[in-house]
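Treat the numbers as computed from the prediction; the structure is a model and nothing was measured. Remember, it's 1-based here, ligands and their atoms both numbered in the order they're listed.
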Amino acid sequence: MPTDPYWNHNTRYHPWILEQVPAHARTALDIGCGDGLLARKLATHCDAVLGVDVDDAVLATAPAAANVHLELADFRDLDDTFDMVTAVATLHHVPLHEGLAALRHLVAPGGTLAIVGLWKMHPLTDFHYLPLLPAIHGMDWWHRRSRGGPAAVVRDAQESLAQIRAATTELLPGARVRRRLMWRYTLVWRRPRQLG
Ligand SMILES: C[S@@+](CC[C@H](N)C(=O)[O-])C[C@H]1O[C@@H](n2cnc3c(N)ncnc32)[C@H](O)[C@@H]1O
């Protein structure tokens with residue numbers, strides 16, 4: 001795969017996302033796709049990729065790519081299903097339960113949902129994370145020359161990791177949530193072929 005045009009705390013997790021794509025996947029959806037970098041990578045694994053974003057300015061910066069269609073839309077308004085659904089740094093832009101429920105409906109039976117999300121750090125409950133800060137800043141320094149990316153709309157996370165885990169248990173039973181570096185968590189959920 002060609003080198004990324006830029007590096008940031010989100011592109012850092014693209015390799016992890018691509019590892020989650022099921023072998024049978026033909027269709028993929030990236031919500032909050034920004035300039036479509038991840039959508040273009042998903043197109044190397046799937047026949048058809050849809051990216052949606054509510055920001056037409058960032059969509060306008062996306063280069064055209066085969067098998068990739070980018071569209072101005074709110075993911076909560078979509079009603080198709082996809083073999084692979086991804087959300088990078090986007091779920092915290094909408095109320096957590098509403099966003100998770102909408103994402104669940106977008107995953108085809110046997111499909112996969114992979115989220116890279118932001119959690120809200122609190123110095124009292126997340127104090128054990130503090131010693132990792134030098135490693136995080138070291139990683140930033142290492143990648144400094146290639147940092148950047150599109151001017152996408154950003155928002156601070158509102159929920160703690162405990163709140164995200166609780167909502168996930170409720171709405172996506174069987175999902176795996178892992179705390180990650182750089183104030184990120186990853187969530188992967190495989191929708192059963194028969195959903196009860
Ligand atoms: C922090 S940016 C992340 C962009 C991209 N996923 C990345 O990793 O660089 C969040 C994106 O989500 C988009 N967004 C926010 N709410 C959305 C919604 N309800 N439906 C679709 N996109 C949304 C924003 O416009 C923004 O481009």
Within the 4.0 Å heavy-atom shell around V94, which atoms of ligand 1 are there? 19 (N)
Mind checking whether H93 has an N or O less than 3.5 Å away from an N or O of ligand 1? no
Would you find more than 12 non-hydrogen atoms of other residues, nucleotides or ligands less than 6.0 Å from R179 atom CZ? yes
Identity and distance of the protein heavy atom lying nearest atom 7 (C) of ligand 1: N10 ND2, 3.9 Å
Shared ILVMFWY cluster between V188 and I164, side chains joined below 4.5 angstrom? yes
Here the atoms of ligand 1 under 4.0 Å from any heavy atom belonging to A73 are 20 (N), 21 (C)
Checking heavy atoms under 4.0 Å, the part of R76 that sits near ligand 1 is side chain
Examine R104 relative to W189 and say whether NZ or CZ is less than 6.0 Å from the centre of the six-membered ring and inside a 45° cone about the ring axis. no
Should we count CG of D77 as having more than 12 external heavy atoms under 6.0 Å? yes
To check your reading of the model: name the closest protein heavy atom to atom 2 (S) of ligand 1, its residue, and the distance in Å. V153 O, 3.3 Å
Counting both backbone and side chain atoms, is some N or O of V88 under 3.5 Å from an N or O of ligand 1? yes
Which one of D56, D53, V52 has a non-hydrogen atom at the shortest distance from atom 26 (C) of ligand 1? D53
Side chain of Q20, backbone of I17: donor and acceptor closer than 3.5 Å? no
For atom 17 (C) of ligand 1, what's the nearest protein heavy atom and its distance? V54 CG2, 3.7 Å
Is there a polar contact, in the sense of an N or O pair closer than 3.5 Å, between D74 and ligand 1? yes
Looking only at atom types and distance, does a side-chain atom of R155 sit under 3.5 Å from a main-chain N or O of H92, one as donor and one as acceptor? yes
Check for me whether I31 has a heavy atom closer than 4.0 Å to any atom of ligand 1. no
If you take the nearest heavy atom of each of G32, A89, G51, G34, which one is closest to atom 5 (C) of ligand 1? G32
Hey, is the main chain of E159 close enough, under 3.5 Å, to the side chain of W119 for a donor-acceptor pair? no
Ignoring hydrogens and angles, tell me if any N or O in the side chain of T112 forms a donor-acceptor pair with the backbone of M84 under 3.5 Å. no
